[in-house]
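Notes to accompany the following structure.
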Amino acid sequence: MELINIKHPSDAVSFRQAVMTGLGRDQGLFFPRSFDVLPDVDGLLELDFVARSTAVLQHLIGDEIESAVLERMVASAFDFPIEVRRLDPRVSALELFHGPSLAFKDFGARFMARCLAEFNDGGPMTILTATSGDTGAAVAHAYHGQPGIDVVVLYPRGRISPLQEKLFCTLGGNVRTVAVDADFDTCQSLVKQSFDDESLRRDLGLNSANSINIARLVAQVCYYFEAAAAVETPEDLVYSVPSGNFGNITAGLIARAIGLPCRRFVAATNANDTVPRFLSTGRWQPEPTRATITNAMDISVPNNFARVIELGERHGLPLEDLLYSVSISDRKTRDAMHVLWQSGYLADPHSALGWLALQESLEHGEEGVFLCTAHPAKFLEVIEETLEIDVPLPPALEAVRHKEVLSVTIPGDFQALHEVLRNPSSQA
Ligand SMILES: *Cc1c(COP(=O)(O)O)cnc(C)c1O
């Protein structure tokens, strides 16, 4: 796979280089130079999930990873179920939240972890990240048990929910969690200071496991083919994607570029509506970020949108016909949760928002699928206050609720973190 830096198209790198460096010159995103169409889509749709995903990734990545190795990476990264649930004759839910951190980000984070383990040349490698909850869980689980990689996750002590803390602070092994007596911004600035410390960075092989990494994106292409495999006329499908940073929808458009049969895509946002406004007015005018009940999508400057533009301009995808974007208010999202619940389906707020955008957009002759990006139990509080019901805990949370939290606590200063990073054993 040959990738270019979108900001400097003459900078070309391999998949391995793009995964290891994350971002190119001037913070430019890497993106494939070209896409080939899959040779046998019908045959692909007959396979099971791991075999199909291996074929999709082999097609995208090419010969940089041997097929037996790739198959092993995919089987161990995607070792949890993915479900397509039909809600009515025209609409299905694509449930992507059955992984260890109960959100679709498990797909990208887990495949990227296996890429880093595969590409590591034997030197030290430490994934250092700060979290306000969700990302930390996905990253910690993704790298847990990966040979040659240490993980350090910082979070603000007492400011994440106790269940969230149990989800990623009870793993042990190569995953260390640090409760910082400060807020999330301080955690982030501690991470930044660590990356600025040249000798620390080199000695520990610091890496950020960044969310814009190309490895995450290609992994997410795979599950679009699951919906296509589950319905009778995949060419009529409209995919609705709850969007924040626009990585998920970019993956869908890549799937289309390599031959996914479908009609079109709906990018559903919350009140942070930079993209829907851009698509209707042609002007890119981000406003200050607003807090909503779909907080994983509270982003007003979506990083991945440059890749969507690239798919239109360089790769010739007809975005005017293929991509529609709409903003949904909190009030309408809560109404959608009610309607779904009354029909017997419990959806988290992000998934409900995607469902409503689909419902409003679906035309005669089309069939729809909405991506369910998080397990309802991840957004307990919003669900309980909206629907006034108790949400049952899934096995992943039930299993950890009585485990011991293994985190060390430090004050919010760099010296303390430096000590933890340099002396892993001094604070067991
Ligand atoms: C990250 C996230 C999204 C948004 O996905 P993007 O790829 O950033 O557009 C939607 N829902 C949930 C639950 C998420 O965690």
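One is the number of the first residue; the rest follow in order along the sequence. Atoms within a ligand are numbered from 1 in the order they appear, just like the ligands themselves. Just so you know, these numbers use all the heavy atoms, side chains as well, and skip hydrogens, waters and symmetry mates.
Counting heavy atoms under 4.0 Å from ligand 1, residue K378 does not touch it at all.
Checked against a 3.5 angstrom limit, the closest N/O atoms of F246 and ligand 1 fall inside it. Checked against a 3.5 angstrom limit, the closest N/O atoms of A374 and ligand 1 fall outside it. Checked against a 3.5 angstrom limit, the closest N/O atoms of D348 and ligand 1 fall outside it. The shortest N/O to N/O separation between S243 and ligand 1 does not fall below 3.5 Å. Polar contact with ligand 1: present for G247 (N/O pair, distance under 3.5 Å). Between H350 and ligand 1, a contact under 3.5 Å exists for no N or O pair.
Counting only heavy atoms of the protein, atom 4 (C) of ligand 1 lies nearest to G244 N, 3.6 Å. Protein heavy atom at the shortest distance from atom 14 (C) of ligand 1 is K105 NZ, 2.9 Å. Closest to atom 7 (O) of ligand 1, if we only count protein heavy atoms, is N248 N, 2.9 Å. In this structure, atom 12 (C) of ligand 1 lies nearest to the protein heavy atom T373 OG1, 3.5 Å. Of the protein's heavy atoms, F104 CE2, 3.7 Å lies nearest to atom 3 (C) of ligand 1. Among all protein heavy atoms, the one lying closest to atom 8 (O) of ligand 1 is N245 N, 2.8 Å.
Distance alone, capped at 3.5 Å, is enough to place a donor-acceptor pair between the H59 side chain and the D36 backbone.
Of the candidates I61, I214, I258, P32 forms a side chain to side chain contact (heavy atoms under 4.5 Å, CB included) with just one, namely I214. Here the options are L3, N5, I6, the test is side chain to side chain contact (heavy atoms under 4.5 Å, CB included), and the partner is D11; only N5 passes.
Looking at every heavy atom in both residues, N213 comes nearest to V19 through ND2-O, 2.8 Å.
Taking the six-membered ring where the residue is Trp, the centroids of F107 and F80 are separated by under 6.0 Å. Taking the six-membered ring for Trp and the full ring otherwise, W284 and F305 have centroids separated by under 6.0 Å.
Not close to ligand 1: F97, with no non-hydrogen atom less than 4.0 angstrom away. Residue P242 places a heavy atom less than 4.0 Å from ligand 1.
Salt-bridge check for D273 with R277: passed, with a basic side-chain N closer than 4.0 Å to an acidic carboxylate O. Electrostatic pairing of R334 and D330 does not count as a salt bridge here, judged by no charged N lying under 4.0 Å from a carboxylate O.
Environment of CZ in R263: crowded, with over 12 heavy atoms of neighbouring residues, nucleotides or ligands closer than 6.0 Å.
The CD atom of Q359 sits 10.0 Å away from atom OG of S240, with the distance rounded to the nearest 0.5 Å.
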